[in-house]
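Each residue takes its place number in the sequence, starting with 1.
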Amino acid sequence: MHDVSLKQVHGKIDFLYRQVTAFARDRENYLHLCFEDQDPYFATDIQTILVNWPVKKRRGTIPLLHRATVHKYSQFVVASTVDYDPAVDPRDLQEAMEQCGDFEINRSMRKHARLWSYKEYSQSLARQMLLGHSIDDLAVGGELKLPGHGTRVRGDAFQYAHMMLVKKLIGQQFNVANYCLDAESGLAAAICALNVDLVKSERVNVFEIRFVKGLTNDERLSYVNEGRRMFRYIEAGYRSLIPLVQEKYPELTDMQAGMAIHLNNMFESKTSEERIQAFNREGVMWPFHTKAEPLKIVRWATLADSMRWVDLGQMLSLASLHPVDSYFNFARRRVAGFERGILSSLI
């Protein structure tokens, strides 16, 4: 319609890409200063995305793992990574690993331990097919079901690499950094291993969060109403105590102050070991249910027994995966390849 050539279109796309990466570079260079003397909360989760990729005149969908870490208040995406390295050809990698003797030693000691070799990845796909998956289920992106000529990154290396990037970007000028993770991700051990000294000095907290998924909208609203009733009950029961707590700790909301009193009453008769058992192993139910996270249970993986009840009440109220879930939902709406498949209706 406007006589714009494809060369001009792709040239503009390349220009926009350079501008975006330049902005990201400048922002990341001073990102650590944004958290100086702050108590930031970060939410980290993972999603599977199906990326369209042309392979030998066929177009298939390639499943990739997308992990993101989002800052709670600003919604700034600190890091967004996938388990794929486009710079390494799997066949070249297989040859390099054979030449350096990688297959003769434990995987953790290999020179190329972070990547799947051609042979091992092929065997992994074969095992998946034996579990009842068809070729179509695994996607159609070439012989190894990979986009282009890249190689998949192993899950454990992918986890550690992502959190190492986050640690590098946020620096250590913060007061206390709080990580909120999906309880099934296995990231808690990685974060603790990467921040041993900070965990010991109580400058890094790790929360594992789980809540009920797959509920209908009516079921979610039912839990929201139950949470409101619980809040009114606690607010009425501790009406005289909440102002006293807020007088000493003015930064606390009514909900946080009420939760601190509630926790104190629940655990004051418990021993130190029993309190650690409840918070650190079993997790504590957040009684004021939200629509985004109904029946939320928070496990405090790095809890120190010296923590005050006011700190516990405040941190439990702030621990959430909602920031990263909101980012994933936003990405699904804006990027067609990120959208979940639509289930066909049954007649």
Side-chain angles (χ1 to χ4, degrees), residues 28-45 67-74 76 78-79 156-157 159-183 185-210 245 248-253 256-257 259-260 263-264 267-268 270-284 286 297-321 323-324:
E28 290 173 356
N29 281 340
Y30 67 86
L31 185 61
H32 63 284
L33 298 177
C34 299
F35 305 121
E36 187 174 1
D37 298 326
Q38 301 294 315
D39 297 332
Y41 280 76
F42 303 101
T44 301
D45 204 354
R67 190 182 299 278
T69 295
V70 180
H71 178 235
K72 179 178 177 67
Y73 300 107
S74 67
F76 183 79
V78 177
D156 48 1
Q159 282 188 340
Y160 273 81
H162 180 90
M163 298 317 305
M164 288 171 71
L165 175 61
V166 172
K167 179 182 178 181
K168 175 183 177 181
L169 292 174
I170 69 173
Q172 295 188 21
Q173 294 176 253
F174 51 78
N175 181 27
V176 178
N178 304 279
Y179 293 93
C180 304
L181 319 169
D182 181 74
S185 66
L187 273 178
I191 295 176
C192 291
L194 293 171
N195 298 276
V196 174
D197 293 335
L198 293 176
V199 169
K200 287 182 178 179
S201 61
E202 300 182 22
R203 292 189 60 213
V204 164
N205 291 314
V206 179
F207 304 95
E208 286 192 326
I209 298 170
R210 64 180 185 272
V245 173
K248 189 174 182 180
Y249 304 98
E251 72 278 7
L252 297 182
T253 65
Q256 292 169 351
M259 187 61 183
L263 289 172
N264 180 56
F267 294 101
E268 64 178 347
K270 305 290 185 181
T271 65
S272 173
E273 184 178 345
E274 289 173 331
R275 288 196 296 268
I276 294 295
Q277 169 83 14
F279 281 92
N280 187 256
R281 301 177 189 175
E282 300 168 1
V284 174
W286 177 250
I297 295 177
V298 180
R299 188 182 81 85
W300 198 329
T302 55
L303 175 65
D305 192 41
S306 60
M307 196 68 67
R308 302 172 302 178
W309 292 116
V310 289
D311 297 324
L312 294 170
Q314 185 179 39
M315 290 183 176
L316 287 177
S317 72
L318 296 174
S320 173
L321 291 178
V324 68

Mind checking whether V204 and T302 have side chains closer than 4.5 Å, heavy atoms only?
-> no
F267 vs F279 aromatic rings, parallel, tilted or perpendicular, using cut-offs 30° and 60°?
-> tilted
State, with a plain yes or no, whether a side-chain heavy atom of Y179 is found less than 4.5 Å away from one of L187.
-> no
Short question: side chain of R299, backbone of V284 - any donor-acceptor pair under 3.5 Å?
-> no
So, for Y160 and A193, which heavy atoms are closest and what is the spacing to 0.1 Å?
-> OH-CB, 4.0 Å
How many angstroms lie between CG in L169 and CG in L31, if you round to the nearest 0.5 Å?
-> 6.0 Å
Please walk me through it: do V245 and L252 pass side chain to side chain contact (heavy atoms under 4.5 Å, CB included)?
-> CA-CA 8 Å; V245 173; L252 297 182; 3.8 Å; yes
Short side-chain to backbone donor-acceptor contact, R67 and A79, under 3.5 Å | no
Are S317 and W286 close enough that some pair of their side-chain heavy atoms sits under 4.5 Å apart?
-> yes
Which value, rounded to the nearest 0.5 Å, describes the distance between L181 atom CG and M163 atom CE?
-> 6.5 Å
Give the C-alpha distance, both sets of side-chain angles, the deciding distance and a yes or no for side chain to side chain contact (heavy atoms under 4.5 Å, CB included) between K168 and H32.
-> CA-CA 9 Å; K168 175 183 177 181; H32 63 284; over 6 Å; no
Please tell me if the side chains of N205 and Y41 come closer than 4.5 Å, counting only heavy atoms from C-beta onward.
-> no
Heavy-atom distance under 4.5 Å between the side chains of Y249 and Q314, does that happen here?
-> no
List the atom of N280, the atom of W300, and the distance in Å for their closest heavy-atom pair.
-> ND2-O, 2.9 Å
What are the two closest non-hydrogen atoms of V298 and I209, and how far apart are they?
-> CG2-CG1, 4.4 Å
Would the F35 and F42 ring centres measure less than 6.0 Å apart?
-> yes
How about I170 and P40: do any of their side-chain heavy atoms sit closer than 4.5 Å?
-> no
Interatomic distance, L263 atom CG to R308 atom CZ [nearest 0.5 angstrom] | 14.0 Å
Where S320 and K72 come nearest, the two heavy atoms and their spacing | CB-NZ, 4.2 Å
All heavy atoms of M259 vs all of L316, minimum pair found to be CE-CD1, 4.4 Å
For C192 and V199 the tightest heavy-atom approach is CA-CG2, 4.3 Å
Ignoring hydrogens and angles, tell me if any N or O in the side chain of N175 forms a donor-acceptor pair with the backbone of Q38 under 3.5 Å.
-> no
Nearest-0.5 Å distance that lies between atom CZ in F174 and atom CG in D37 | 11.5 Å
Check whether any side-chain N or O of T69 sits under 3.5 Å from a backbone N or O of T44 as a donor-acceptor pair, and report yes or no.
-> no
Using modelled atom types only, decide if a donor and an acceptor are shared between the side chain of D39 and the backbone of V176 within a distance under 3.5 Å.
-> yes
Separation between CD of Q256 and CD of E251, rounded to the nearest 0.5 Å = 8.0 Å
Are the side chain of N195 and the backbone of I191 linked by a donor-acceptor contact shorter than 3.5 Å?
-> yes
